[in-house]
Each structure stands twice: as structure tokens, then as C-alpha cells.
**Student:** 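The following block contains the structure, expressed as C-alpha cells.
Below, chains carry the letters A, B, ... as their sequence lines are ordered, and counting in each starts from 1.
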Amino acid sequence: MNLDDDIAAWAAAVRLPAADADAIFRQIMATEPARSAAPVRAVTAPSAHVLATTAPGLGGAWWRQQAAGFAARMVAATAPLTYAA
Amino acid sequence: MDSQAEFRRLYEAHRAAVHAYFTGRTGDRQASADLMQEVFLRAWQHWDTLAGLPEDRRRAWLFTVARNLSVDTARHQRTQAGTERALAREPVPVGAPASTAVLGAERAAVVAGAIAELPEQQRVTLAMAAAGGMNSAEIGTALGVPAGTVRYRLSLARRSLAEALDDYDHPQEGS
């Protein structure tokens, strides 16, 4: 086996199979060709800062409900003082 | 030609080269596939821009995105490449049966290990030529270096591989 054969064998081993390439193409086609479209997958892990500010956690409805509940409790707790004043 | 058909043609024309580029950078086929997918996903999302470009500028666009992605994932790739190198270096057990298949696998591991040990520029160039099927001019355009530099890097890579295989074929006594 000469060097060219060895390199060719390595290349064949690392080359992406056609079936995998087709599957990737179908996944891409499932997205919209729009500039503003969100990426399907994240390639790199975001930094802690990004995670802290943008990572999706609890839904917006949950936060609105919690905020409303907190506001209601605050009003209820401070109401007697308000009336006394 | 409709958008999907034209994008398919672009994908088929460049997917192997882009994948080979990432293979040279990461040493990992699946990670390279993920990164290649990201490049073409971005191309599809920017198709309104790409569709109007000539072929050479489309390829330049793809490799610009690929290089940027490589920078973003450099830390992950170093970890991955270290694992690959460690696996490639794993010694074959003494007394293993010397069948053709085993010898072939052992030789393939030597080649893979030697390629993993190449300087990154040489490894990327070799991958793009061997796995991506690109010539020196095409690789040079994609990487932003002269074709002569590409040929020089290929020459160095081949010399290193030849030395590694020579050591494998003719082991020194007592080493």
C-alpha cells in the first residue's frame, strides 16, 4: 500500500456518506429561506452571560402571573398602612 | 431553475469541500457534519443574497462562514482533537492476531494518528484535497492563500505521513 492509497483510505473513512448528506439537506429544506429565520441548532455553547440573559426558562405567561400575584400581595400587605395614613 | 433546485446544486457542489474543511479542523466526521449543516443552513437563510452572486463568490461566502464557525468552536475542537489523537495513539495489544484486517486497521490508525498530529494548516489542506476533491487553486481561494502555498503545505503533509508510515513499516530496534 503506498502513501496515496493510505491517504485515499483515510479520506474515504472521514468523508460524509451520501445518505447523511441527503438527510442534512432535507433538514435544511424544512426551514424557511428567510434572513431572519432562527437557526435550527446551536453549534457552540453560549457564554454564561448569554445564558443568563436569553436562555428560555419559564414561559412569559408564568412570569406575568407571578408578577401579578406579587403585585397583588404587595397591595394587600400595604393597604392597611395606606388607609391608616 | 427554482430556489430549491438551485440551492440543491450549490449544496451538492460544495458540501464535500466544506465538510472536508471542517474535518481538517476538527478531526471528527460527525462534528464536521454538524458544522457543515450550519454553514448551509445559513446559506439557505440568506438565499435571497446568495442567489444573485456568481459561483465563485458563493463559494467564498460559504468558506467565510465556515472559517467564522471554526473560530467560534475552536475550544471545543481542541478538546475533540485531543480525544481523537489519544484514541489514535492507543497501542495495539501485544499478541494480537496478525490478520490482514487487523493489520489494515492498525495501518489506518497510524495514518489517522499521523494526520491528527499534522499542523492544522497542513491537515486542513490535506483534508480538502483528499476528502474534498479540491485542487490547489480551489483550496487556495477558499482559504485565502496562494495555490503555491497550498502545494507546499500538501508536500509537507505528505512528507510527514511518509515518515510516520516508514517508522511503522520499519520499526527501529530498541525504540
**Student:** Mind checking which of residues 128-161 of chain B sit less than 4.5 Å from chain A, heavy atom to heavy atom?
**Tutor:**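 Near chain A, by residue number: B:Ala130, B:Ala131, B:Arg158, B:Leu161.
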**Student:** How would you list all residue pairs meeting side-chain hydrogen bond (donor to acceptor under 3.5 Å, both in side chains) that involve residues 54-66 of chain B, not counting sequence neighbours?
**Tutor:**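 Applying side-chain hydrogen bond (donor to acceptor under 3.5 Å, both in side chains) to every pair that reaches into residues 54-66 of chain B, excluding sequence neighbours, yields B:Glu6-B:Arg58, B:Arg9-B:Glu55, B:His14-B:Glu55.
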**Student:** Please name the pair of heavy atoms, one in A:Ala13 and one in B:Arg29, separated by the smallest distance, quoted to 0.1 Å.
**Tutor:**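 Residues A:Ala13 and B:Arg29, closest heavy atoms: O-NH1, 3.1 Å.
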**Student:** To the nearest 0.5 Å, what is the distance between OH on B:Tyr168 and CG on A:Asp6?
**Tutor:**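 Going from the OH atom of B:Tyr168 to the CG atom of A:Asp6 covers 9.5 Å.
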**Student:** Quick one: sort the A:Phe25 and B:Phe7 rings into parallel, tilted or perpendicular, breaks at 30° and 60°.
**Tutor:**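 Rings of A:Phe25 and B:Phe7: parallel, as their planes differ by under 30°.
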**Student:** Considering all heavy atoms of both residues, which atom of B:His19 and which atom of A:Arg15 are nearest to each other, and what is their separation?
**Tutor:**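 Looking at all heavy atoms of both residues, the shortest contact is CE1-C, 4.2 Å.
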**Student:** With sequence neighbours excluded, tell me which residues meet salt bridge (Lys or Arg N to Asp or Glu O under 4.0 Å) with B:Asp166.
**Tutor:**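 Expected list: none.
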**Student:** Which pair of non-hydrogen atoms, one from A:Trp10 and one from B:Ala127, has the smallest distance, and what is that distance?
**Tutor:**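 In terms of heavy atoms, the two residues are closest at CH2-CB, 3.8 Å.
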**Student:** Test of understanding: with salt bridge (Lys or Arg N to Asp or Glu O under 4.0 Å), list the residues that count as partners of B:Arg15, not counting sequence neighbours.
**Tutor:**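 B:Arg15 satisfies salt bridge (Lys or Arg N to Asp or Glu O under 4.0 Å) with B:Glu12 only.
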**Student:** Would you compute the distance between atom CZ of B:Phe40 and atom OG1 of A:Thr31 and round it to the nearest 0.5 angstrom?
**Tutor:**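 Result: 13.5 Å between the selected atoms.
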**Student:** Is it the backbone or the side chain of A:Ala21 that comes under 4.5 Å from a heavy atom of chain B, or both, or neither?
**Tutor:**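 Interface part for A:Ala21: both.
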**Student:** Which heavy atom of A:Ile28 sits nearest to which heavy atom of B:Trp44, and what is that distance?
**Tutor:**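 Where A:Ile28 meets B:Trp44 most closely, the heavy atoms are O-CD1, 3.4 Å.
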**Student:** Ignoring hydrogens, what is the shortest heavy-atom contact between A:Ile24 and B:Ala33? Give both atom names and the distance.
**Tutor:**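 Closest approach of A:Ile24 to B:Ala33: CD1-O, 3.9 Å.
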